Amino acid sequence: MGPPGAGKTTVGRIVGQKLGCCVIDVDDDILEKTWNMSVSEKLQDVGNEQFLEEEGKAVLNFSASRSVIALTGSNPMHDASMWHLKKNGIIIYLDVPLIDIVNRLRSMKIERIVGQSPGTSMKDLLKSRRCYYKKWFDTRVFCESGASPEEVADKVLTAVKRYLDADSETFISTRHFATQGCQQKVSAKFFSEAVIEGLASDGGLFVPEKEFPKLSCGEWKSLVGATYVERAQILLEKCIHPADIPATRLGEMIENAYGENFACSKIAPIRHLSGNQFILELFHGPTGSFKDLSLQLMPHLFAHCIPPTCNYMILVATSGDTGSAVLNGFSRLSKNDQQRIAVTTFFPENGVSQFQKAQIIGSQKENGWAVGVKSDFDFCQAAIKRIFQDSDFTGFLTMEYGTTLSSANSINWGRLLPQVVYHASAYLDLVSQGFISFGNPVDVCIPTGNFGNILAAVYAKMMGIPIRKFICASNQNHVLTDFIKTGHYDLRERKLAHTFSPSIDILTCSNLERHLHLMADKDGQLMAKLFNQLEEQRHFQIEKILMEKLQRDLIADWSSEGECLAAIHSTYNTCGYILDPHTAVAKVVADRMQDKSCPVIVSSTAHYSKFAPAILQALKIEAISQTCSSQLYLLNSYNALPPPHEALLERMKLQEKMDYQVCAADVNVLKSQVEKLIQSQFL
């Protein structure tokens, strides 16, 4: 299936020859034989609308087996005939670059196609047709510009093989094989199972058993002119098997996730700051942080994957931004899904900004609650892991309330995967805007707490984006920076400092385990040893050979509080742009570590409005009133870049008035809270 000029007939013949199958061309072998006239004559005789109906009837009366069928460009516009075909075969969409199709049609001297009315250009009609192709395909063959029919035919065969072999794409725990020979060994999981379970039962994190799919240079170039949604569809289709989520359904989820709820149509735009530095703006979602880029999509993935008769309680630990993003994302599910999926987010009562706290509390909905914990993020995260691993408690919840626990932190693969898209998209935007040519390297500098954001950039590189260095930026809680420099992860005598950048006030970086697993050639036994030692003895040391491998493309440094404020002040003075404190931490480190031999993309992980007191202090502005709302209005009066985040402003007054629960730093107290919320939601 594909538009006119996609090469369906030629490719179909090559595929048929390779498979030893009959090849049927709908135009030549069905329509013209049924009508006893040429397709062009029929179109001229009955007109566009009647032609589609006549064409559909002819296909409905047709059946075949062990055949390769080349559809017409207009077949997908007739629903009944496409259902008939879909029930009896695999529909493969040849997604050919528009410029290639227009050139082919021109060379074939085809000036008009079905549905083309006077005054409508061929290019515009072909664009409008895409919605029909996206509606029906089982698997997509993404074609690079200038690909030969033989190359496309090979891709078709590869796509069919993948479609038929769901068992080839499974996920394992980072601690896989650590308990080999024991009954506790965690078996490989499908994508849907990894998303539902969140955390592996052995305490490890789920990762793909095989390598990440890699796009060719030509395929990446074909995405340079694509929208964010189009890029997400191509990349995520390659990472999620259609047996877990059908490609057409995945496309619907992506379009729903990245729509009007984002303030910027580009979703994650990249902006030139100065010199070789670019800002990747990840804060245009409804809650103003980079977490929206995954948490507007992940709830839809989760709702699709879970059994229709089960109830789920999502437990989330947040260091600031995740809480409101999770609550917002899951509140956008359908009413039916909201009735079977609830969310509880635990946040450090005194460890987030005033605005973040108000936003988390104000994001509570019918299926979502916020619970303040009298401790720090590391306790919240560790407590949730302990709850998941308490089989007696989780079993009790299942038996008593019919409810299963899961997570939406970046320990959940369904949360982490969508983040790969914006790192790839940022690079493609630099190519599109003419700053670089595809293949030129870039560095990325990312404010890092739980290691999920920077790990997503590593995965983007594995898919083919030429990232040279990953620069890990820490604040005063620089345990991760120290580890990258020394190979010693040491939490002994380390106390969490509360900083202007609370979302990275983290000492235990969960996703580091995934990265070390990758660097250690998927040595699950080593991961179990290291991270069990971290839990029991509060430190571990990796061997020199692994440390050297880690340091090949990963470097790190940290910023003091004074340097953070100074970066906000100087950037505003020189560029008229306000950095949030996390982005300022990254800029300090980028200025210090990057050698200026290639562009550096600095991830801006939150809108500055969420940290108004720190911004006002950095810009030396005296706030007359201390309410969040008044601070925001004062900042917005400066007309700086980026523009005010209207969605944050609109909800602020409401958010300051809502109630929430506070509990002690005790795992048993948290478990009791979870049970009470399950009772209120599902009984």
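Just so we're clear, the structure is a prediction, and the values are computed from it rather than from any experiment.
With Asp429 contributing its side chain and Ile270 its backbone, the two residues share no donor-acceptor pair below 3.5 Å. Checking side-chain atoms of Asp557 against main-chain N and O of Val589 turns up no donor-acceptor pair under 3.5 Å. Although no hydrogens or angles enter the test, the distance criterion places a donor-acceptor pair under 3.5 Å between the side chain of Gln533 and the main chain of His539. Of the possible polar contacts, none joining the Tyr489 side chain to the Ile542 backbone as a donor-acceptor pair under 3.5 Å is found. Gln594 places a side-chain N or O within donor-acceptor distance of the main-chain N or O of Cys598, the cut-off being under 3.5 Å. At least one donor-acceptor pair closer than 3.5 Å links the side chain of Lys549 to the backbone N or O of Met519. Between the side chain of Asn475 and the main chain of Thr499, no donor-acceptor pair closer than 3.5 Å is present. Between the side chain of Ser474 and the backbone N or O of Trp558, no donor-acceptor pair lies under 3.5 Å. A donor-acceptor contact shorter than 3.5 Å links the side chain of Asp378 to the backbone of Thr508. With hydrogens and angles disregarded, a donor-acceptor distance shorter than 3.5 Å links the side chain of Arg231 to the backbone of Leu223.
The two residues Ser510 and Ile411 make their nearest non-hydrogen contact at CB-CG2, 3.7 Å. Taking every heavy atom of both residues into account, Ala556 and Lys485 meet most closely at O-CE, 3.1 Å. Between Gly414 and Leu301 the shortest heavy-atom distance is O-CD1, 3.9 Å. The minimum heavy-atom distance linking Ala590 with Val602 is given by the pair CB-CG2, 4.2 Å. Residues Pro307 and Ile196 share a closest heavy-atom pair of CD-CD1, 4.2 Å. Taking each heavy atom of Ser294 and Pro299 in turn, the nearest pair found is O-CD, 4.5 Å.
A salt bridge links Lys134 with Glu255: the distance from a Lys NZ or Arg NE/NH1/NH2 to an Asp or Glu carboxylate oxygen falls below 4.0 Å. Salt-bridge check for Asp337 with Arg340: passed, with a basic side-chain N closer than 4.0 Å to an acidic carboxylate O. Remark: Lys469 does not engage Asp553 in a salt bridge, criterion side-chain N to carboxylate O under 4.0 Å.
A side-chain donor-acceptor contact under 3.5 Å links Gln419 and Tyr422. Between the side chains of Gln356 and Asp321, at least one donor-acceptor pair of N or O atoms lies under 3.5 Å. Donor-acceptor pairing under 3.5 Å is recorded for the side chains of Asn511 and Ser410. For His607 and Ser609, the side-chain atoms include at least one donor-acceptor pair closer than 3.5 Å. Between Asn328 and Ser363, the side chains place no donor N or O within less than 3.5 Å of an acceptor N or O (distance only, hydrogens not considered). Side-chain polar atoms of Asn450 and Gln381 form a donor-acceptor pair below 3.5 angstrom. Arg514 and Thr174 form no side-chain donor-acceptor contact under 3.5 Å, judged by distance and modelled atom types alone. Of the N and O atoms on the side chains of Asp202 and Gln389, not one donor lies less than 3.5 Å from an acceptor on the other residue.
Residues Asn477 and Ile506 have side chains not in contact (no heavy-atom distance under 4.5 Å, counting atoms from C-beta outward). With contacts defined as side-chain heavy-atom distances shorter than 4.5 Å, the pair Thr345/Val326 does not qualify. Within the 4.5 Å cutoff, side-chain heavy atoms of Met463 are placed close to those of Cys239. With contacts defined as side-chain heavy-atom distances shorter than 4.5 Å, the pair Cys264/Glu281 does not qualify. You'll find the side chain of Pro348 reaches within 4.5 Å of the side chain of Val352, heavy atoms only. Side-chain contact check for Asn412 versus Ser406: some heavy-atom pair is nearer than 4.5 Å. Taking the side chain as every heavy atom from C-beta outward, Leu215 and Leu235 approach each other to under 4.5 Å. Residues Gln681 and Trp369 meet the side-chain proximity criterion, which asks for heavy atoms closer than 4.5 Å.
Residue-environment remark: CD (Glu535) stays at or below the threshold of 12 foreign heavy atoms within 6.0 Å. Within 6.0 Å of atom CZ in Arg386, 12 or fewer heavy atoms from other residues, nucleotides or ligands are found, so the atom counts as exposed in its surroundings.
Ring centroid separation for the pair His582 and Phe500 does not come in under the 6.0 Å cut-off. The six-membered or imidazole ring of Phe438 lies near that of Tyr427, with a centre-to-centre distance under 6.0 Å. For Phe451 and His515, the gap between ring centers is short of 6.0 Å.
Note that the SG atom of Cys509 and the CD1 atom of Ile454 stand 10.5 Å from one another [nearest 0.5 Å]. Rounding to the nearest 0.5 Å places CE of Met298 at 11.0 Å from CG of Leu416. Atom CG of Leu670 and atom CZ of Phe393 lie 9.5 Å apart (nearest 0.5 Å). In this structure, CG in Asp490 is found 9.0 Å from CZ in Arg538, a value given to the nearest 0.5 Å. Here the straight-line distance linking atom CZ of Phe330 with atom CZ of Phe302 works out to 6.0 Å at 0.5 Å rounding. Here NZ of Lys587 is found 11.0 Å from OG of Ser559. Values are rounded to the nearest 0.5 Å.
Classified by interplanar angle (parallel below 30°, tilted 30° to 60°, perpendicular above 60°), the ring pair Phe212/Trp413 is tilted.
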Passes side-chain contact (heavy atoms from CB on, under 4.5 Å), Leu579 versus Tyr608? Steps please.
CA-CA 6 Å; Leu579 306 172; Tyr608 61 83; over 6 Å; no
side-chain contact (heavy atoms from CB on, under 4.5 Å) between Ile314 and Thr344: does it pass, once the steps are laid out?
CA-CA 6 Å; Ile314 310 294; Thr344 302; over 6 Å; no
Salt bridge (charged side-chain N to carboxylate O under 4.0 Å, His left out) between Lys210 and Glu169: does it pass, once the steps are laid out?
CA-CA 7 Å; Lys210 296 182 179 178; Glu169 296 182 22; over 6 Å; no
Test ring-ring contact (aromatic ring centres under 6.0 Å, His included) on Phe540 and Phe531 and set out the steps.
CA-CA 8 Å; Phe540 67 74; Phe531 287 92; 5.2 Å; yes
Walk me through whether Ser604 and Phe283 qualify under side-chain contact (heavy atoms from CB on, under 4.5 Å).
CA-CA 7 Å; Ser604 183; Phe283 48 70; 3.3 Å; yes
Kindly indicate, with the supporting measurements, whether the criterion side-chain contact (heavy atoms from CB on, under 4.5 Å) is fulfilled by Ile555 and Ile484.
CA-CA 7 Å; Ile555 57 177; Ile484 292 167; 5.7 Å; no
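A cation-pi arrangement is absent between Lys610 and Phe355, since the terminal nitrogen or guanidinium carbon is not both under 6.0 Å from the aromatic centre and inside a 45° cone about the axis.
Residue Glu513 forms a salt bridge (Lys or Arg N to Asp or Glu O under 4.0 Å) with just one option from Lys522, Arg175, Lys529, Lys385, and that option is Arg175.
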